[in-house]
Each structure stands twice: as C-alpha cells, then as structure tokens.
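First the structure, in the form of structure tokens, and then the observations on it.
The sequence lines fix the lettering, A, B, ..., with proteins before strands; numbering per chain opens at 1.
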Amino acid sequence: MDTRYDPKETEDRIYKRWEESGFFNPDVCVKRGVTKKNAKHFSIVLPPPNVTGTLHMGHAAMLAIEDIMVRYERMKGKKTLWLPGTDHAAIATQSKVEGIIYKKEGKTRYDLGREEFLRRVEEFAKESHDAITNQVRKMGSSVDWSREAYTLDAKRSRAVVTAFQKMYDDGLIYRGARIVNWDPKMQTTVSDDEVERVEEKAPFYYLKYGPFTIGTARPETKFGDKYVVVHPADKRYKKYKHAEKLNLEWINGPITATVIKDKAVDMGFGTGVMTITPWHDTVDFEIAERHKLDREQIIDNNGKLLSIAGEFAGMHIKKARPLIVQRLQEKGLLAKTDDSYVHNIATNSRGGGIIEPQIKEQWFVDVNKKFVIKKSKIKGVKSGSKITLKEMMKKVVASKQIEIIPRRFEKTYFRWINNLRDWCISRQIWYGHRIPVWYCVACGTPIVNPVIKSKWFLIRHGETDHNKGERMAGRLEASLNESGISQARKAADELKNHNIDLIISSDMMRCRQTAEIIAKATGAEIVYEKQLREQNHGEAEGMLRTEAFEKYGDTYSYEATIPGSEGYKDVEERAWKAFSHHKKSHHHRNVVIVTHGGVIRTLVKRIRNWDVEQMLSTPSIKNAAAIELDLASQCVKCKGDLYEQDTDTLDTWFSSGLWTFSTLGWPENTDDLKTFHPTSVIETGYDIIFFWVARMILMTGNLLGDVPFRKVYMHGLVRDASGRKMSKSLGNIIDPLDLIEKYGADATRLSLIIGSAAGNDMKLSEDKVRGYRNFSTKIWNASRFVLMNYKPSKVKPKFTAKDKKNIEELGKIKKRVAKYLEAFDFNHAAEVLYHYFWHTFADKIIESAKPRLNSENLSDKAAAQVVLMTILKESVKMLHPFIPFVTEEVWSRLPGDKKILMAEKW
RNA sequence: GCGCUCAUAGCUCAGUGGUAGAGCGUUUGCAUGACACGCAAAAGGUCCGAGGUUCGAUCCCUCGUGGGCGCACCA
C-alpha cells in the first residue's frame with residue numbers, strides 16, 4: 001500500500017463496484033437481505049438538473065448533501081430510494097440552443113422549422129444529459145439509475161397530459177385573455193417568477209396632457225392614452241370629476257380624454273397624474289378592469305408600433321422613442337426632461353429579451369378557485385371538501401405537515417403565495433410538452449386530450465415552371481421542376497414520421513409525381529381522385545395571370561368569370577364531396593391528400609367554416625406545404641370532426657411540479673408510488689423555492705390530495721472564495737470535475753459540507769478542498785498503520801481502563817453524529833467526525849498505542865490491536881456517507897467478511 | 001417601501017445565558033517505522049456600536065452602523 005491515497009485510481013473503480021452490486025436499488029437491497037422487507041422507507045427525488053449544459057458547484061453541494069442522507073438512511077436499514085433524472089427546462093434549453101445555432105450558422109429557429117429545430121435541441125439535450133449523469137457518478141451519488149427519468153420522456157408526458165386534464169376538469173386550468181409577460185426576443189410569454197428586474201437609467205419626460213402634466217419613461221406607449229388617472233383624494237385635482245371628458249392636443253392630433261379616479265395612483269410620485277396604457281402595463285390593465293375602460297394594443301409582438309402610432313407605425317419602439325420625443329417637443333408638449341431617473345425594467349431571466357406586457361389569450365392555472373379535494377391526505381382538510389390552491393398551499397406548511405429547513409424560509413414561502421396571481425402556463429416556444437388541447441377546426445371549440453383516430457394532411461404539389469412563371473395552369477399538364485422535386489422530397493421526409501397509410505392524389509401529373517415521392521418515402525399506397533383536379537380555367541388556360549386579369553377581370557372570383565372555366569364555387573363542391581367521401585371511408589387511416597393550390601383553398605374554406613371573402617383574402621399555401629389535421633370524435637358544438645392541436649407548449653415547471661410522483665409511475669397506481677410517496681425530503685437551493693418547491697406542493701395537492709414531501713431542506717448558494725456569485729462573466733466558476741480530478745470526490749464533498757449551514761451561502765476555495773484532501777490521506781495512512789499492526793493471535797486481549805474509555809467515547813461520538821444527521825446538521829456531523837478521527841483517534845489513540853504494539857506483553861498488545869481495529873471500523877462506517885470512496889476502499893482491505901461498506905449496518 | 005440574513009482570530013466560518021472554538025494561514029521545533037497532504041508546541045479576539053432584560057449577555061430584546069439577498073413599486 002502506497003503512502004498516498006490516490007482517488008483517481010480508486011473512485012471510478014469503486015463507483016463501478018457499487019453500481020454492479022445493485023444496492024442503489026432498494027428492491028435489490030430487499031432481495032439480498034440488506035434491507036428488511038417491511039422496513040420503513042426513505043425517499044428523495046433528485047432535483048433534476050436542466051439539460052442546458054453541465055453541473056456547477058451548487059449541484060455538487062446538492063449531490064453531496066443528498067448522498068449523505070441517502071447513504072446514512074440506507075445503512076440504518078431503511079428502504080432507501082434516491083431517484084435521479086434530468087429536466088428539459090423548456091425555455092432555458094431552447095434559448096441556449098437558439099443562441100448556439102445563431103452564433104454558428106446565423107440562423108433562427110424559424111429558418112430551421114419546428115421539426116428540424118427540435119431535432120437539434122434534442123441532440124443538445126442528449127449531450128448535456130450524458131455530461132450530467134457522468135458528473136453525478138463522479139460525485140459518488142448513490143442514485144438508483146434503473147429508475148432514471150426525464151421530464152420530457154414518454155411516461156412523464158403521460159403524467160403531464162393526465163394532470164392537465166384533471167386540472168382542466170376541476171376548472172383550475174382555463175383559457176383567457178389577460179395581461180402576460182411577453183418576450184419579443186424569444187416570442188413567448190414567461191411566468192411572473194421568470195421575470196427579472198434590471199436597473200436602468202433612462203430619461204424621464206414630463207409631458208403636457210391638456211391641463212395636466214404627466215411623467216413617463218416610455219413615450220412610445222402613449223399614443224393610445226385616453227384616460228387620465230388621479231387619486232380620488234388628491235386635492236390638487238379636485239375640480240376634475242370622475243368620468244369627466246376633456247378635449248386636448250396629443251401626439252398625433254386632438255383627442256378626447258376621460259378623467260378616472262383610482263387609488264392605484266401614488267400622489268407623491270411625479271405630478272400625481274398618470275395616463276394609462278392597459279394593453280402594455282399590469283397596473284394599468286387592472287385599473288382598466290376596475291373601470292371597464294377600453295384597451296388598445298400599441299405595440300406588436302415584435303416590439304414594433306401599430307397603426308395607432310400614425311406615421312410611426314411599423315417602427316421599432318427603440319428607434320421610435322427619440323423621434324416621438326422630438327415630435328412632442330416640436331408640438332410644445334414636452335415640459336421638461338429628467339436625466340437622473342433610475343427604474344427597473346423587466347427582462348426574461350431565461351436568456352431572453354426585455355419584457356413587453358401584452359394582453360393575450362393564454363392558458364392559466366387559477367389559484368383562487370375552489371376545487372373539490374376528493375381523497376384528502378392533507379391535515380385539516382376533509383375528503384370531499386372545497387379548497388383553493390392558495391389555501392391548500394398555505395395550509396400544508398402552516399400545519400407543519402411540510403417542514404421547511406431552515407424555518408425562516410416559511411416566511412418567504414407565505415409571502416410568495418399571498419402575492420401569487422394566476423399562473424400562465426402556455427409558452428410559444430417549441431421545446432416542451434405540447435398543450436394537450438385540440439380545437440375544432442370549424443368552430444374553435446376546445447377539447448382536452450381527445451382520442452385521435454387518424455391524421456390527415458392536405459399537401460400541395462411541388463413547384464412547376466408554370467407556378468414559377470405565374471401562369472394560369474388549371475387543367476394544363478405540367479411536371480415538377482427541379483425545385484419542385486426537392487420540395488416534395490422534403491415534405492415526404494417529414495411525413496415519414498407519421499405512419500401514413502394512404503395517399504389520395506389528384507390524377508394530374510404534378511400531383512402524381514408528388515404523390516409518388518411521398519409514397520416512396522412512406523410506403524403508403526396511392527389512390528387517384530379526379531375530383532381533386534385543379535380548377536379549370538377554361539379559355540384562360542396557359543395565359544399569364546396578368547394577361548387573364550386584363551381580359552377577364554378578377555380571375556380569383558368565387559363564381560366563374562372565364563368562359564368554359566370553373567369558379568371556386570364549382571371546385572369547392574366537387575372537392576368537398578370527394579374529401580368527405582374519403583374521410584368517411586378512411587377515417588381510421590392516416591391519409592395524405594395531394595392536390596392543388598386552388599383546391600386546397602376551397603377545402604380549407606369548408607373545413608374552417610370560412611366565408612368567401614375570408615377564403616379569397618387568404619393566399620394559397622406554398623408548393624409542397626402541408627396542413628395537418630387530426631380526426632377525432634364529433635365536436636359537441638358543430639359536429640365537425642377535424643381538429644388542430646394547440647401549437648403552444650407548457651411551462652417547464654408544470655412538468656417538474658409532478659416530479660415526486662411522475663417519477664414513481666403516476667398516473668398508474670404503482671408499488672413505487674405506494675411505497676415511496678410522499679417522499680421523505682426534498683433538498684434544493686433556496687433560490688428555487690417558488691419555481692419548484694411551491695409548484696410541487698400545488699400540483700400534488702390537487703392531483704393526489706397529498707403533499708409531495710415531508711421536509712424541505714434548502715442549501716445555500718456556493719460562492720467563490722471572496723463571496724461573489726460564480727458566473728461565466730466573472731470567470732470565477734469552479735468546475736466540480738476539475739476539483740474531483742485534482743483532489744478527489746471525497747475532498748470535494750467534504751469541503752461543500754463542513755462550514756456551511758442550511759440556507760446559508762458558502763464560500764469555496766481550493767485551499768479548503770486541499771485541506772480535506774489531506775484528511776483523505778490521513779484516513780488512508782491511519783488505516784494502513786492499524787492494518788500493518790493487526791495480527792490476529794490466539795492471545796486473549798487484556799483491555800486497560802483507557803481502552804474501555806476510548807471505546808466508550810467512540811459510542812458517544814456515534815450518538816452525536818447520528819443526532820446531528822437526523823437534525824440535518826451535516827456540517828456538525830462531519831466536523832465532529834473529522835476532529836475525532838484526526839485529533840483523537842490518529843493523534844492520541846494511535847500514538848499512545850505505538851509502544852504497546854511493540855510490547856512483549858502479548859495480551860496487552862492484542863488489546864491495543866483490537867481497540868484500534870474496532871475504532872477504525874466504526875469510524876470508517878460513520879465516515880462513509882460523507883466520504884464514500886476512501887472509506888469503501890479502506891473497508892475492502894480490512895480483515896473479515898468482504899461485504900460492501902455501503903450496505904453495512906451503520 | 002416590505003421582508004429575510006450576516007457582522008466572532010490575519011482569512012473562511014462554527015458556537016453557547018456562566019472562564020471563547022475549528023480549518024487554513026503565521027511563528028518555533030522535529031526526516032518520530034502510518035502519514036511533511038505529517039508530528040509537537042505557540043502566538044493571535046472589547047465576539048460591529050449603543051442601550052435594555054438578567055445575579056450574569058458574544059448569545060435574548062430595542063435602536064443604530066455596515067454588507068448580502070428576496071419581493072413589491074417605479075405612470
């Protein structure tokens with residue numbers, strides 16, 4: 001044995017041994033007699049790391065703490081499960097991948113299209129996943145890999161859909177138009193919690209608004225402001241009555257303003273007068289709600305001004321602002337400018353842009369609506385009683401059914417719940433769970449999670465030279481040109497993923513060719529249908545559009561205008577008849593309909609229940625573009641049977657909120673669910689108490705009528721040696737893998753445990769890690785010494801009083817450590833052990849044993865040997881949860897049975 | 001503005017209603033048959049300030065000072 005312990009040589013080998021032993025899996029522990037069948041359970045789900053990259057020191061701390069708990073409980077004989085997994089982290093991952101692609105290829109997600117973009121994200125997520133699971137192993141985490149889960153895998157997706165449906169049925173999920181946080185950069189809504197306020201210095205303008213002076217930092221929102229609000233108690237504006245109308249000159253000319261009195265106004269701020277923009281401000285929105293005021297959209301989804309802005313319309317707000325100020329100045333409406341104004345602007349914390357509030361139709365979770373809690377396991381709430389999500393969330397913590405460690409975070413928790421508004425759960429990003437709602441194509445009625453009988457695709461043929469040349473090609477035959485062929489191939493490629501059974505195609509050449517390409521890719525049979533032929537243009541066949549237009553007038557009319565031709569009306573009749581007929585006979589098959597631009601327009605008109613005008617004002621779809629429809633049971637409202645799924649995805653926290661039970665097999669009532677839920681502890685950083693902890697409580701309360709966990713243990717943030725947050729921009733990030741490489745996982749773990757209390761941030765320096773690396777070496781060498789002096793003999797040991805005292809002290813240490821561990825005080829547990837092993841065992845007990853080990857008095861010698869071995873064994877066992885690798889390695893070299901240390905009795 | 005939190009040795013941090021602790025660092029000895037990633041010693045603190053409760057406060061309470069964090073507002 002070497003005088004230096006080499007973690008690099010040891011750790012991977014030992015982790016492999018653990019994995020192969022199967023003892024990470026509680027079922028194996030029971031089967032192999034390590035755990036009793038009827039033992040109590042101890043379960044933790046690993047807070048799933050985001051697949052946005054690799055693990056940082058915070059994750060390392062989390063893994064260290066959880067592994068201590070888990071190893072301790074396992075050694076104490078509990079049926080112990082630590083369930084690992086990863087989180088798709090929808091918006092964060094998408095944002096990250098979008099950034100990478102843009103940087104590398106200069107392309108946006110729209111350039112790639114939904115399918116290709118998602119493929120790229122999945123690829124990235126896979127790499128992250130592999131890096132993460134490798135790191136989790138390197139840390140020595142005793143997680144049960146056989147149960148590993150991903151928030152976006154099939155089982156978890158099923159849980160998400162089931163959850164959505166139940167909450168929808170309970171009336172807790174609703175769709176409504178409300179003001180939301182819109183991120184123009186990522187083109188999506190974000191939840192209130194994901195909005196991060198950043199300080200900004202901006203000029204503050206005082207504007208003349210009739211007899212009033214109003215202040216604003218955002219003149220570009222002011223176009224539509226026609227309400228002027230003052231506090232009802234403000235004496236300065238006493239002479240203006242509520243609802244009084246005033247005519248005044250504004251940015252783009254004279255307007256009529258209405259005076260509103262509302263307490264939301266802060267009399268002390270600025271002039272105490274404000275105008276409101278309900279469409280783009282939460283407070284203004286609420287004022288408008290209270291007084292039933294008009295709302296008007298000023299800024300579009302891209303941050304550009306709408307037509308209300310007059311000549312500024314179409315301009316980005318950033319560009320428009322100085323011009324608008326200039327205009328105001330020219331009109332004499334600018335009273336003064338304050339350049340020292342500092343305010344907070346809302347940004348999307350997940351790598352997005354500056355938030356522009358918008359009123360949008362979105363899906364929400366209603367936190368104030370009562371629902372019936374059917375089978376309640378919540379203290380103080382009877383089965384069958386009614387409760388709101390907010391009330392339930394408060395109750396479980398107030399009643400101590402869930403204990404938060406450290407206690408002070410309860411206050412933070414309650415505060416958050418009190419301020420909680422309905423949770424916007426729909427996102428316009430692509431990576432995530434599609435919202436499981438379909439809309440009837442004809443009337444828009446929503447249906448949650450319907451049984452889809454089949455998929456129907458309407459696809460236009462690929463390009464021909466006639467298309468390209470803007471020629472009237474109705475019945476005129478033409479074949480695909482080169483780009484038409486490649487368009488068709490691309491379309492066929494995507495259709496491959498949909499198990500196409502049948503292709504119904506127009507029998508004209510351009511469609512036949514397209515259909516054949518699709519058939520080749522999908523293996524589906526083709527049926528030709530004459531009724532799907534393109535509109536007959538009669539005399540005008542072969543003419544340029546412009547020529548025909550001159551000669552016959554409107555060539556796009558509903559009624560036929562060209563001699564010998566069909567109008568759209570005629571096409572609609574035959575095409576719809578054919579479509580309906582095929583739909584009836586092939587409703588159980590996935591069908592691709594290949595036809596022409598004009599035919600698709602008329603079919604879409606029928607399917608979507610449009611009027612003629614709407615059809616005519618909607619342009620033809622592009623060559624080889626497809627419309628995807630789902631066929632399901634008849635719509636309750638209009639009897640239609642074609643549906644489209646909502647294109648939005650769910651907030652990532654919707655799926656992670658189910659984590660404690662979706663990982664255990666819910667909605668199936670599995671053995672795992674019965675055994676391990678509610679979980680014993682959730683251990684996480686205090687920074688995600690709202691995002692995650694609170695939402696798990698919310699979801700579990702509604703879906704299971706229970707709590708997700710008994711205890712919440714929150715660790716602090718890991719900071720650098722001078723207390724700064726570790727971040728890329730500061731360049732002070734310490735990679736856990738580097739530390740492990742240099743000093744070993746044991747040392748890395750201990751340095752994250754000792755000297756840090758629950759909920760308090762910890763500072764980490766390499767010096768500290770080095771110190772604990774030295775401790776590993778100490779254990780190694782002390783063990784070496786005990787071993788090389790341990791020669792079992794037949795002589796009966798004769799123990800001294802000191803020996804007995806030492807053994808007694810060992811027992812006391814054990815009790816103290818256990819007490820600390822059970823109080824989640826890992827810091828002290830580890831410190832006590834550290835101190836005991838080094839300064840009591842190694843420095844005192846071993847030192848004083850040295851002469852006895854060389855003694856001629858054999859029974860005294862034997863006693864010394866036995867005492868040293870006993871203490872060593874016990875110490876190594878106690879230390880194992882903290883520094884599993886060295887202890888396991890030492891254990892394997894001790895005499896006696898060769899059981900694995902992680903499965904020993906503590 | 002509301003709330004939380006921290007202030008103890010040079011540094012990083014534990015801690016307790018009764019004479020102050022650890023690691024690292026510093027100083028001084030030691031190549032002592034486990035270990036120099038070590039051993040043996042040592043120096044080093046008005047426990048942020050003021051007041052209060054108490055027989056007694058570093059600890060409990062109040063106020064203050066200075067850091068950190070969260071939430072809300074920001075027209």
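In this structure B/C60 sits in a base pair with B/G52, meeting the Watson-Crick or G-U test at under 3.5 Å. For B/G38, the paired nucleotide is B/C30, the pair qualifying as Watson-Crick or G-U wobble because both relevant distances are below 3.5 Å. Across all strands shown, B/G70 forms a Watson-Crick or G-U wobble pair, both distances under 3.5 Å, with B/C2. Nucleotide B/G17: unpaired (no Watson-Crick or G-U wobble partner with both distances less than 3.5 Å). The partner of B/A7 is B/U65, judged by Watson-Crick or G-U wobble contacts that both fall below 3.5 Å. Remark: B/G45 base-pairs with no nucleotide in the shown strands. Criterion, Watson-Crick or G-U wobble with two distances under 3.5 Å.
At B/C37, one or more side-chain N or O atoms of A/Arg4 fall inside 4.0 Å of OP1 or OP2 (strictly under the cut-off). Applying the 4.0 Å criterion to OP1 and OP2 of B/C39, one finds that A/Trp838 has a side-chain N or O inside that range. For A/Asn781, no side-chain nitrogen or oxygen approaches OP1 or OP2 of B/A36 to under 4.0 Å. Put simply, A/Lys411 has a side-chain N or O that comes within less than 4.0 Å of OP1 or OP2 on B/C4.
Using a 4.0 Å heavy-atom distance criterion, A/Asn419 is classed as a sugar-phosphate-only contact. Within 4.0 Å of A/Ile846, counting heavy atoms only, lies at least one base atom of the nucleic acid. Residue A/Val265 is in base contact, counting any heavy-atom pair closer than 4.0 Å across all strands shown. Counting non-hydrogen atoms under 4.0 angstrom, A/Arg773 reaches a base of the nucleic acid. Contacts of A/Arg197 with the nucleic acid, taken as non-hydrogen atoms under 4.0 Å apart, include base atoms. Across all strands shown, A/His839 has heavy atoms under 4.0 Å from sugar-phosphate atoms exclusively, and none from any base. In this structure, A/Asp284 reaches neither bases nor backbone, as no heavy-atom distance under 4.0 Å exists between it and the strands shown. Within the 4.0 angstrom heavy-atom criterion, base atoms lie near A/Thr777. Within 4.0 Å (heavy atoms only), A/Asp266 reaches at least one base atom of the nucleic acid.
When the P atom of B/C69 is taken as reference, atom CZ of A/Phe409 falls 14 Å away, rounded to whole Å. If you measure from atom CD1 of A/Ile689 to atom P of B/C69, you get 18 Å, rounded to the nearest angstrom.
Side-chain proximity of A/Asn774 to the nucleotides B/A34, B/G38, B/C2 is greatest for B/G38. Side-chain proximity of A/Thr3 to the nucleotides B/C35, B/C39, B/C74 is greatest for B/C35.
Between A/Phe212 and A/Tyr240, the ring centre distance stays below 6.0 Å.
When each of A/Glu831 and A/His835 is assigned the nucleotide of RNA chain B bearing its nearest heavy atom, the one mapping closer to the 5' terminus is A/Glu831.
Side-chain contact check for A/Tyr836 versus A/Ile845: some heavy-atom pair is nearer than 4.5 Å.
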